[in-house]
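Structure first, then comments.
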Protein chains: 2
Amino acid sequence: METNGAEQLKRLAAARRRGCGVERTLAVLDGKWTTLIVRELLSGPKRFGEIRAALDSPSAKTITDRLRALEHQRIITRTVYPEIPPRVVYELTGDGHSLAGILYEMLIWGEEHPVSEP
Amino acid sequence: METNGAEQLKRLAAARRRGCGVERTLAVLDGKWTTLIVRELLSGPKRFGEIRAALDSPSAKTITDRLRALEHQRIITRTVYPEIPPRVVYELTGDGHSLAGILYEMLIWGEEHPVSEP
DNA sequence: CGGGATCCCTTCGGATACTG
DNA sequence: CAGTATCCGAAGGGATCCCG
């Protein structure tokens, strides 16, 4: 990401308007949990319980809300297997997978910048 | 970002733990306004009023809160010129500028994925 | 097991008024 | 101009109970 920094800045400057690409992405990846759910699913389809366990257990309601929003925006699909006990599997769509670049940049930045709070 | 997608996914999968890089980044870029303020400052130092006007005018309180948080995390610096009327300039630090890669990925993704809500 | 429903507390963010 | 202070409504998110 150091290769063409100037070009990046130029395009970012040109995108400073309402409804730009950055804002649309933020509308999808809104909030901490949403982003972490996507990261979790990047490594493959997951069941509800797996996602919940991986996320330091926020309440079921929070996860459900976020999953529904992602489904609505066609970032993930929800498949119900009518067994007993029931099994529900969430999986990224093509659009969902294409978020990997963003998540990767976030991972790299976070690793290179340890928290610095007095 | 298409060059080494497999490697990205491998590293993202390996980072699925609490306090990973992704979570640290989310702690800095928390919420819509924070990200948009950083985007705004990528094109150069800005005054309080300029930032406010560029952001579709959320309340002064919201902007002030976000600016203080970013300053605390050493993403931006705040310089006060004791003139009359006063002038306060915000500017990205080196750490702040290094967020450009993330913002750029968000811009590209958003441009390629128009909102799709029924 | 994977929710839906409900309750409730906290935080976010907008509006307004005032100050150095 | 760039805040600070205060009030307030909306939304986020946790806890609990129940159901198919």
*Between D:dG14 atom P and A:Asp65 atom CG, what is the distance in whole Å?*
11 Å
*Nucleotide nearest A:Lys61 (side chain, heavy atoms from C-beta), chosen from C:dG4, C:dG2, C:dT6*: C:dT6
_Using 0.5 Å steps for rounding, measure from the CZ atom of A:Phe48 to the OG1 atom of A:Thr64._
4.0 Å
*Using atom CD1 of B:Ile63 as one end and atom P of D:dA2 as the other, report the distance to the nearest whole Å.*
11 Å
*Return the 5'-most residue of the pair A:Pro86, B:Lys32 with respect to DNA chain C, ranking by each residue's nearest nucleotide.*
A:Pro86
*Closest nucleotide among D:dA2, C:dG13, D:dC1 to the B:Arg78 side chain*: D:dA2
*When the distance from CG of B:Leu67 to P of D:dC1 is rounded to whole Å, what number comes out?*
17 Å
_Students often get this wrong, so: under 4.0 angstrom with heavy atoms, is A:Tyr81 touching a base, only sugar-phosphate, or nothing?_
nothing
*Take the protein atom CG of A:Asp30 and the nucleotide atom P of C:dC12, then report the distance between them rounded to whole Å.*
14 Å
*Identify which nucleotide among D:dG3, C:dG13, C:dG4 has an atom closest to any side-chain atom of B:Arg66, counting heavy atoms from C-beta outward.*
C:dG13
*Select one nucleotide: of D:dG3, C:dG14, D:dG13, the one nearest the side-chain heavy atoms of B:Phe48.*
D:dG3
_Pairing residues for B:Arg78 by the salt bridge (Lys or Arg N to Asp or Glu O under 4.0 Å) criterion, not counting sequence neighbours_ = none
_Of the listed nucleotides C:dG14, D:dA2, D:dG3, the one nearest the side chain of B:Arg68_ = D:dG3
*Can you figure out which of C:dG3, D:dC1, D:dA15 approaches the side chain of A:Tyr90 most closely?*
C:dG3
